[in-house]
**Student:** 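Before anything else, here's the structure in question.
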There are 2 protein chains.
Amino acid sequence: MNIGDVAERSGLPAKTIRYYEEIGLIAPRRAANGYRSFAEADVHKLAFLGRARALGFGIDDCRSLLQLYGDDGRTSAEVKHIAEDHLERIDAKIAELTEMRATLARLVHACAGDHRPDCPILADLARAEGRG
Amino acid sequence: MNIGDVAERSGLPAKTIRYYEEIGLIAPRRAANGYRSFAEADVHKLAFLGRARALGFGIDDCRSLLQLYGDDGRTSAEVKHIAEDHLERIDAKIAELTEMRATLARLVHACAGDHRPDCPILADLARAEGRG
DNA sequence: CATTGACCTTCCAGCCGGTGGAACCCCTAT
DNA sequence: ATAGGGGTTCCACCGGCTGGAAGGTCAATG
C-alpha cells in the first residue's frame, strides 16, 4: 500500500505520516522504487495515533501508548497513569481558559461597542490593578 | 531604565521584551553604550501586552489592541470586535477540550489500573468504531 | 515511444511565542 | 587588574506539523 491509500484509510495527511516515520513512530518497509510500502499493521498504528492525538495526547505519550499497546507484559496501571496525567493537564488547561473566558466576557459585556472611543476593555488592559 | 528593571516592573522576562522589540511591538531608545533605554511609556505598553497575552490574545491581536489604545480616533466597536472574536475562539477551544475530557474521563474510569494487561483505554484507541 | 499527469521521494523553510545558550561588551566595586 | 553582574547579538530549539520546490516513478494515453 502506498502512502496515499494509507492517508485515506487512516485519516492522516501523507505529510503527517512521513513525519511520524521520521520521528520513529512507525517504520514502513520500502519498495524497490523507494516508495514506502505500508502493511495493515502500519495503517492500524496510524489510526491508533490519530485517535490518541485527537484525545490531545502529546507525541511522547503516543509513543508510550503505542509501545504499551504492543507489549503483552504491560499493566493497565501504566496506561491509566499516562491517561490520568493527561486528564490533569486537560483540566488545568480548561480551568485556565475558563478563567480567561470569564474576564473577557465581563469586559466584552461592559463595552458599548459603539462609535465612541471609551472602552472598558482597553481600560482594563492599560491598568488592571484592583481587579483580576 | 535598563531591560532588567523593566522586566521586573512589567513582569515579562527580558528575553520576551527583546522579542517584542524584534517583532515591532515596542521600540525603546538606545543609550550611547548600545543598551536599550526604556521610558515609562514602554513599561506601560509592556504591562499592557502582558495582560493582553494573559487573556490569551495572540500577538497580532495585541498589536491591534496596542494600536487602538494609542489612537484617539478609535471606536470601542473596533476593540469589542477583536475581543468578541477572541472570546469565540476561546469558547471553541474550551468545547474541544471538554469533549476530549469527557472521552478521556470515561476511559480512565473504565480502566482497572491494575497489574493485568487488559485496558479499555488501549482498546478504544485501537478500535474506536462504534463510540465517540 | 514520447508525453501527460498523478503519484511518490527528499529537503528546506515557516508557523507561534517565546526560551536556552554561546560569545562577547559594559560598568562598578574592590 | 580583576571579578561579577549587568547588557548585547545571534543561532538553535520546542511541538506538531504544513507548504513548497525539485526531481523520480508509474499507468495511461496519442
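Per chain, numbering begins at 1; letters A, B, ... match sequence-line order. Please read these numbers as outputs of a predicted model, since none were measured by experiment.
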**Student:** Using a cut-off of less than 4.0 Å, is there contact between a side-chain N or O of Asn33(A) and OP1 or OP2 of dC26(D)?
**Tutor:**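 Yes, because at least one side-chain N or O of Asn33(A) sits under 4.0 Å from OP1 or OP2 of dC26(D).
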**Student:** Taking the side chain as every heavy atom from C-beta outward, state whether Ile3(B) and Tyr35(B) have any pair of such atoms under 4.5 Å apart.
**Tutor:**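 No, too far: nothing below the 4.5 Å cut-off.
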**Student:** Just so I know, are the side chains of Val79(B) and Leu65(B) near enough to count as touching, which here means a heavy-atom distance under 4.5 Å?
**Tutor:**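 Yes, at least one pair of side-chain atoms sits under 4.5 Å.
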**Student:** Rounded to whole angstroms, how far apart are CD1 on Ile59(B) and P on dT19(C)?
**Tutor:**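 It works out to 11 Å between those atoms.
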**Student:** Calculate the interatomic distance between Leu25(A) atom CG and dC17(D) atom C1'; express it in whole Å.
**Tutor:**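 Atom CG in Leu25(A) sits about 12 Å away from atom C1' in dC17(D).
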**Student:** How about His86(A) and Ile82(A): do any of their side-chain heavy atoms sit closer than 4.5 Å?
**Tutor:**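 No, too far: nothing below the 4.5 Å cut-off.
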**Student:** For Arg18(B), report the nucleic acid contact type (base, sugar-phosphate, nothing); a contact means any heavy atom under 4.0 Å.
**Tutor:**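 It contacts base atoms.
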**Student:** Measure from CZ on Arg63(B) to C1' on dG17(C) and round the result to the nearest Å.
**Tutor:**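 After rounding, the reported distance stands at 12 Å.
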**Student:** In whole Å, what is the span from the CG atom of Asp61(B) to the C1' atom of dG17(C)?
**Tutor:**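 Spelled out: CG on Asp61(B) to C1' on dG17(C) is 14 Å.
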**Student:** Kindly say if Arg53(A) contacts the phosphate of dG15(D), meaning a side-chain N or O under 4.0 Å from OP1 or OP2.
**Tutor:**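 Result: no.
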**Student:** To the nearest 0.5 Å, tell me how far Phe38(B) CZ sits from Ile17(B) CD1.
**Tutor:**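 If we round to the nearest 0.5 Å, Phe38(B):CZ and Ile17(B):CD1 are 5.5 Å apart.
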**Student:** Let me know the distance between OH of Tyr19(B) and P of dC14(D), rounded to the nearest Å.
**Tutor:**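 Computing the Tyr19(B):OH to dC14(D):P distance gives 17 Å.
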**Student:** Remember a base hit wins even if backbone is also touched, and classify Ile23(B) as base, sugar-phosphate or nothing at under 4.0 Å, heavy atoms.
**Tutor:**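 No contact at all - Ile23(B) keeps every heavy atom at 4.0 Å or more from the nucleic acid.
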**Student:** When the distance from OH of Tyr35(B) to C1' of dT9(D) is rounded to whole Å, what number comes out?
**Tutor:**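 In whole Å, dT9(D) C1' lies 13 Å from Tyr35(B) OH.
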**Student:** Using only side-chain N and O atoms of Thr16(A), determine if any of them is under 4.0 Å from OP1 or OP2 of dG16(D).
**Tutor:**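 No.
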**Student:** Rounded to whole angstroms, how far apart are CE on Met1(A) and C1' on dC8(C)?
**Tutor:**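 Atom-to-atom, Met1(A) to dC8(C), this comes out as 16 Å.
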**Student:** Does Lys15(B) get its side chain close enough to the base of dG17(C), under 3.5 Å, for a donor-acceptor pair?
**Tutor:**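 Donor-acceptor pair under 3.5 Å: no.
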**Student:** Which part of the nucleic acid, if any, lies within reach of Tyr20(B) when heavy atoms closer than 4.0 Å are counted: base, sugar-phosphate only, or nothing?
**Tutor:**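 It contacts sugar-phosphate atoms only.
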**Student:** What's Arg36(B) touching, base or sugar-phosphate or nothing? Going by heavy atoms closer than 4.0 Å.
**Tutor:**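 Here Arg36(B) touches the backbone only, sparing every base.
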**Student:** Side-chain contact, heavy-atom cut-off 4.5 Å: Ile23(B) with Arg63(B)?
**Tutor:**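 Yes. Closest side-chain heavy atoms under 4.5 Å.
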**Student:** What is the separation between atom CD1 on Ile3(A) and atom P on dC26(D), rounded to the nearest whole Å?
**Tutor:**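 Rounded to the whole Å, the gap is 16 Å.
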